[in-house]
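Because the structure is a prediction, the values reported are computed rather than measured. Any value given below was found using the heavy atoms of this structure, including those in side chains, with hydrogens, waters and symmetry copies removed. Start at 1 with the first residue, then count along the sequence.
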Amino acid sequence: MDNPAGLWSNAGVFVRVWEYQVPDDRIEAFAAAYAADGAWGELFGRAVGFMGTELYRDAAWPGRFLTIDRWQDEQDWRSFLDAFGAAYESLDAQFEGLAAAERSLFEGSS
């Protein structure tokens with residue numbers, strides 16, 4: 001499809017979307033860790049094929065956040081896990097408890 005406006009396309013991009021519920025007293029620490037320039041973004045950024053992460057805060061429910069991580073394809077995500085699995089697990093353990101609840105909403109590509 002022609003893209004005369006120069007709009008970015010998600011075609012073929014592997015996307016992971018997570019939802020988090022964060023207590024008021026942990027919102028600042030959570031936002032710092034999960035922002036594009038936070039610890040997760042820095043770790044993901046070490047891998048080939050990582051295209052970025054975004055953090056969104058729900059306007060109606062301040063403790064609700066979404067993260068969207070983009071990879072060029074699923075293989076790049078899997079390769080990241082193979083290469084950085086120990087660092088991923090360590091960071092996950094470090095931030096355990098920042099969110100009261102978390103769940104995967106979507107993992108796939110268009």
Supply the atom-to-atom distance [X] [atom1] to [Y] [atom2], rounded to the nearest 0.5 angstrom.
X: Y34; Y: L98; atom1: OH; atom2: CG; answer: 6.0 Å
X: D76; Y: R78; atom1: CG; atom2: CZ; answer: 11.5 Å
X: W71; Y: E107; atom1: CH2; atom2: CD; answer: 11.5 Å
X: Y20; Y: L55; atom1: OH; atom2: CG; answer: 9.0 Å
X: S109; Y: F14; atom1: OG; atom2: CZ; answer: 7.0 Å
X: Q21; Y: R103; atom1: CD; atom2: CZ; answer: 7.5 Å

Compile the donor-acceptor pairs under 3.5 Å between side chains in residues 57-66 and protein atoms, sequence neighbours left out, one pair per line.
| residue | atom | partner | partner atom | Å |
| --- | --- | --- | --- | --- |
| R57 | NE | P62 | O | 2.8 |
| R57 | NH2 | P62 | O | 3.4 |
| D58 | OD1 | A60 | N | 2.8 |
| D58 | OD1 | W61 | N | 3.1 |
| D58 | OD2 | R64 | NH1 | 2.9 |
| R64 | NE | E19 | OE2 | 2.6 |
| R64 | NH2 | E19 | OE2 | 3.2 |

Shortest non-hydrogen contact from D37 to E42?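 D37 and E42 have their closest heavy atoms at O-OE2, 3.4 Å.
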Using every non-hydrogen atom in the two residues, find where F50 and G41 come nearest and quote the distance to one decimal.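 Scanning both residues, the minimum pair turns out to be CE2-O, 4.1 Å.
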Knowing that exactly one of L91, T53, T67 qualifies, which makes a side-chain contact (heavy atoms from CB on, under 4.5 Å) with W40?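 By the side-chain contact (heavy atoms from CB on, under 4.5 Å) criterion, W40 pairs with just one of L91, T53, T67: L91.
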Between W77 and F44, how do the two ring planes meet: parallel, tilted or perpendicular, split at 30° and 60°?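 Judged by the thresholds at 30° and 60°, the geometry between W77 and F44 is perpendicular.
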Do W18 and E102 come within less than 4.5 Å of each other through their side chains, counting heavy atoms only?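 W18 reaches E102 side chain to side chain.
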Connected via hydrophobic side-chain network under 4.5 Å: V48 and V15: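 No, no single cluster joins them.
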Between S79 and Q75, do the side chains contain an N or O donor and an N or O acceptor separated by less than 3.5 Å?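 Result is yes, a qualifying pair exists.
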Could you tell me whether a side-chain N or O of R26 sits under 3.5 Å from a main-chain N or O of A99, the two making a donor and an acceptor?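 Flag not set: sc R26 to bb A99 has no pair under 3.5 Å.
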Is the centre of the Y88 ring less than 6.0 Å from the centre of the F84 ring?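 No, the ring centres sit 6.0 Å or more apart.
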If you count heavy atoms of other groups shown closer than 6.0 angstrom to CG of D82, is the number above 12?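 Enclosed.
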